[in-house]
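When reading the values below, keep in mind they use all heavy atoms of this one structure, side chains included, and skip hydrogens, waters and symmetry mates.
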Amino acid sequence: MIFFWVASLPALSQVNLPKVTVAGEQYYVYETGKGDSMYGIANHYGWNIDRLMALNPSLATKMKKGSKVYYPVDPEKTDDSSAPADFSAESYPVIQHVVKKGDSVYSIAKMYDVPVEKIYLYNPDTKNGLKRGAIVTIPQAADKINEGDSFFFYAIRPGDTLGSVAEAYNTSVGQLLRDNKGVSNGNFEAGDLLRISVNSRQDSTMVQTVEETRVDHIDTYKAGKNDTWESVAEKTGTDIKQLRDFNSGVELKKNAVIDVPVIVTSKVEKEVEYVDERENMAGGIDDIYNEVHKIGNADSVAGGRVSVALIIEDPQSKRDNEFTRGALLALDRLKNADHQIRFKVLPDRKADVDSVRAVKALADSLDRFGADVVIATHEKNFPLWLARYGDENGVEIVNAFDVRSELYLDNPAVINLLTPSGYLSDAVAEWVESSFPDSKMIFVGNKDADDAYADAIASRFGAASEYSSAAALHEKKLADWSKYVIYGYPSTRDDVSALLNAVVAMKEANPLASVKVIGRLSWITLADDMKELFGKAEVYFPSRFFFNHTGADERKFISDYSASFGHGPIRAFPTYAVAGYDIMNFLVNSLASNSGDFNVSVAGGRELQSPLNLERVGNWGGFFNPSSYMIHYPPYGDVEKILIRK
């Protein structure tokens, strides 16, 4: 018995028998010998005895030498055999992230949903800061792909298409476009990163009633004297070609035993893979893209209607009232536009954003209104539910004021209109370096560890930097024609005044030297009262917004606002009425020009207070505004707003 089991092992591992194909399925053909039995054959080849006997019923009870026994080559084939095989890999390639302006270790970690510690582990140098263009390596954990919201990240290769990537990773083009809202047929470029829901095509299935043809069993027919293949086929109801193929090598003569495959056709319900036929049609992928982005709805932008909803944090606050009035003033000027404009303000009273009932009521109101874009005025704690609502419903969500919110990093529906701090720090440092070449940088005041702008500037000037106090500037002797840029750490009125007076004294004592001053963002609150001193010291400071009350367009806005509401806009930083006016103009004009597709390049016109441009942070992230100002107070002439961006 032991010898028989060992001798059978080769047969169990590999069946070396002729094959025949019937109804699209292959079968092994075994010719019986003396002493064979169904049990012996099944045991020798490792076949299922019940399946073997059901397929060969005429031999189940009585077997003759020279009979043919059939068994499927793929006995495990099931009704789901048409489903695609899952993509699998022992390990996924690492992510190679190219550092861009404004990137931080935290923002990169959030973008790829990995712990900050993992980035430090694989890239120890990142603890000393990030340099634009550097490569940050991030490992992918294969065992966590598709758990929850986890994705596989893939760098597009030359020759790739949306269809080929979808097929390779067992997903659909539609799912790729949903996972990467920044991707379209037109901007699918080698080197860009995609996030992929691997094996998600199995989620795109449908139940379908189909006709299934299969071999029920093998029967036999004993040929008569005058039988022909045609007559046998007619008598047994078998296709003649199939009958002859099945009995290849058999001579048809009297008493010859002919094997007849009995074919049955039945209707069965099968869960089959749903394939969007548009994936293989000209223009089909563009149709899928429009569907994913909700473009082309006759009741919305494409049909000549722009719908904007405004969610204000507190209807009783002066800030929100000012913003709303500015938005209404913009709508009044747009009343003759080609598009019909619908506008709704929510809520009518202060809502508890932590209340499930209040959030549901707001979401229901947005559903009924059918907004193309929603603006929210929260200055901090931007509502997470609203960002999720936008992503789930294909509605753009505009964060007007919360500069600390980073929801845009991984939510494709969120638009941050105020330039992110990290991006602005890098942009300011780059501008200072390019605007004042061959200059020595002097940092004045008590160093502030939280001043990212100073740190970014210092990293660019390196050895050409020194530190000083305001008092020491009085005694500093500068070489003729030398160039200096002074960065001021002070933020209070008295300290800033002391610094600028010291700079003015230095300039007077060294008239042939060039001295400029770079101030902090907070200096905008001092600029009006200290305008003359700012000019004497020739101050520049960065700002995300600046409303020049003396400009012609700005004066007209104030006049129109006063005529409409009985008073001028409240002075604030920013001026909220002007923010409402700028944002409403920008969004309505953008929607009118891009048919609701913000992937189409959108740039502002002449905003009164904040420069507005949009850039997507990545293929699966949202939008941010990379544009801000350097505000320049020259010794003579008007205040200058210098646009800075990448």
Side-chain angles (χ1 to χ4, degrees), residues 93-140 153 155-156 182 189-193 195 403-404 406 408-410 416 419-443 447-467 485 487 489 518 520-521 540 542 544 613 615-628 630 643-646:
V94 295
I95 302 166
Q96 298 282 330
H97 176 86
V98 181
V99 177
K100 302 182 296 297
K101 181 188 292 186
D103 278 348
S104 66
V105 171
Y106 173 79
S107 69
I108 294 172
K110 185 173 177 62
M111 186 181 303
Y112 297 105
D113 191 26
V114 297
V116 169
E117 293 73 20
K118 181 168 285 189
I119 293 179
Y120 286 142
L121 177 64
Y122 284 81
N123 307 270
D125 290 346
T126 57
K127 292 183 178 180
N128 302 319
L130 298 175
K131 292 183 179 180
R132 198 193 312 182
I135 300 295
V136 175
T137 299
I138 306 168
Q140 299 194 65
F153 294 93
I156 301 172
E189 298 179 356
D192 282 357
L193 284 173
R195 64 178 188 178
V403 71
R404 295 187 178 182
E406 294 185 322
Y408 73 98
L409 288 173
D410 57 1
N416 266 31
T419 310
S421 296
Y423 191 98
L424 184 55
S425 296
D426 283 353
V428 168
E430 185 177 284
W431 183 87
V432 171
E433 181 183 39
S434 63
S435 299
F436 307 113
D438 304 321
S439 296
K440 188 172 186 66
M441 178 65 65
I442 303 175
F443 293 89
K447 186 174 182 179
D448 185 346
D450 295 327
D451 191 339
Y453 300 90
D455 291 342
I457 292 171
S459 69
R460 288 181 174 270
F461 280 82
S465 302
E466 64 179 67
Y467 293 84
V485 177
Y487 183 91
Y489 279 115
I518 306 296
R520 304 181 67 163
L521 270 78
Y540 297 79
R544 298 179 176 91
N613 294 277
E615 183 175 303
R616 198 182 278 278
V617 70
N619 281 331
W620 57 90
F623 292 92
F624 72 103
N625 176 17
S627 301
S628 293
M630 287 298 292
L643 181 66
I644 58 171
R645 58 172 298 165
K646 69 175 184 179

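Nearest approach of Ala456 to Ser425, heavy atoms of both residues: CB-O, 3.7 Å. Of all heavy-atom pairs between Ala458 and Tyr467, the closest is CB-OH, 4.3 Å. In plain terms, the two heavy atoms of Pro139 and Lys118 that are nearest each other are CG-CD, 3.6 Å. Nearest heavy-atom pair across Tyr112 and Ile138 is CD1-CD1, 3.5 Å. Residues Ala449 and Asp455 share a closest heavy-atom pair of O-OD2, 4.1 Å.
Proximity of a side-chain donor or acceptor of Asp426 to a complementary backbone N or O of Lys101 within less than 3.5 Å is not detected. The backbone N or O of Val136 lies less than 3.5 Å from no partner atom in the side chain of Asn123, so there is not a single donor-acceptor pair. Counting only distance, with no hydrogens or angles, the side chain of Thr126 and the backbone of Gly129 share no donor-acceptor pair below 3.5 Å. When atom types are taken as modelled, the side chain of Thr419 and the backbone of Leu424 share no donor-acceptor pair closer than 3.5 angstrom.
With a 4.5 Å cut-off on side-chain heavy atoms, Lys440 and Ser465 do not count as touching. Side chains of Ile518 and Val485 form a contact here, defined as non-hydrogen atoms less than 4.5 Å apart. Counting heavy atoms from C-beta outward, Asp113 and Asp410 have side chains that stay 4.5 Å or more apart. Side-chain contact check for Tyr408 versus Pro420: some heavy-atom pair is nearer than 4.5 Å. Between Thr137 and Ile95, every side-chain heavy-atom pair lies at or beyond the 4.5 Å cut-off. Contact check for Met111 versus His97: side-chain heavy atoms found under the 4.5 Å cut-off. At a threshold of 4.5 Å between non-hydrogen side-chain atoms, the residues Val428 and Ile644 count as touching. Contact check for Phe623 versus Val617: no side-chain heavy atoms found under the 4.5 Å cut-off.
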* Asked: Under the ring-ring contact (aromatic ring centres under 6.0 Å, His included) criterion, do Tyr487 and Tyr540 qualify, and how do the steps go?
  -> CA-CA 10 Å; Tyr487 183 91; Tyr540 297 79; over 10 Å; no
* Between Tyr122 and Val94, does a side chain to side chain contact (heavy atoms under 4.5 Å, CB included) hold up when you go through it step by step? -> CA-CA 11 Å; Tyr122 284 81; Val94 295; over 6 Å; no
* Verdict with supporting geometry, Val432 and Met441, side chain to side chain contact (heavy atoms under 4.5 Å, CB included) -> CA-CA 10 Å; Val432 171; Met441 178 65 65; 3.9 Å; yes
* To do: Carefully, step by step, assess Val99 and Lys131 under the rule side chain to side chain contact (heavy atoms under 4.5 Å, CB included).
  => CA-CA 7 Å; Val99 177; Lys131 292 183 179 180; over 6 Å; no
* To do: Evaluate the side chain to side chain contact (heavy atoms under 4.5 Å, CB included) criterion for residues Ile108 and Leu130: first the C-alpha distance (whole Å), next the side-chain angles of each, then the deciding distance (0.1 Å), finally the verdict.
  => CA-CA 11 Å; Ile108 294 172; Leu130 298 175; 3.9 Å; yes
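Aromatic ring orientation, Phe153 versus Trp620: tilted (interplanar angle from 30° to 60°).
Taking the centre of each ring, Tyr423 and Phe624 come in below the 6.0 Å mark.
Here the OH-CD1 distance, from Tyr106 to Ile119, works out to 11.5 Å after rounding to the nearest 0.5 Å. With values rounded to the nearest 0.5 angstrom, Ser107 atom OG is found 7.5 Å from Lys100 atom NZ.
With no hydrogens or angles considered, a side-chain donor-acceptor pair links Ser421 and Arg544 at under 3.5 Å.
Taking the charged nitrogens against the carboxylate oxygens, Arg520 and Asp451 do have a contact shorter than 4.0 Å, which makes a salt bridge.
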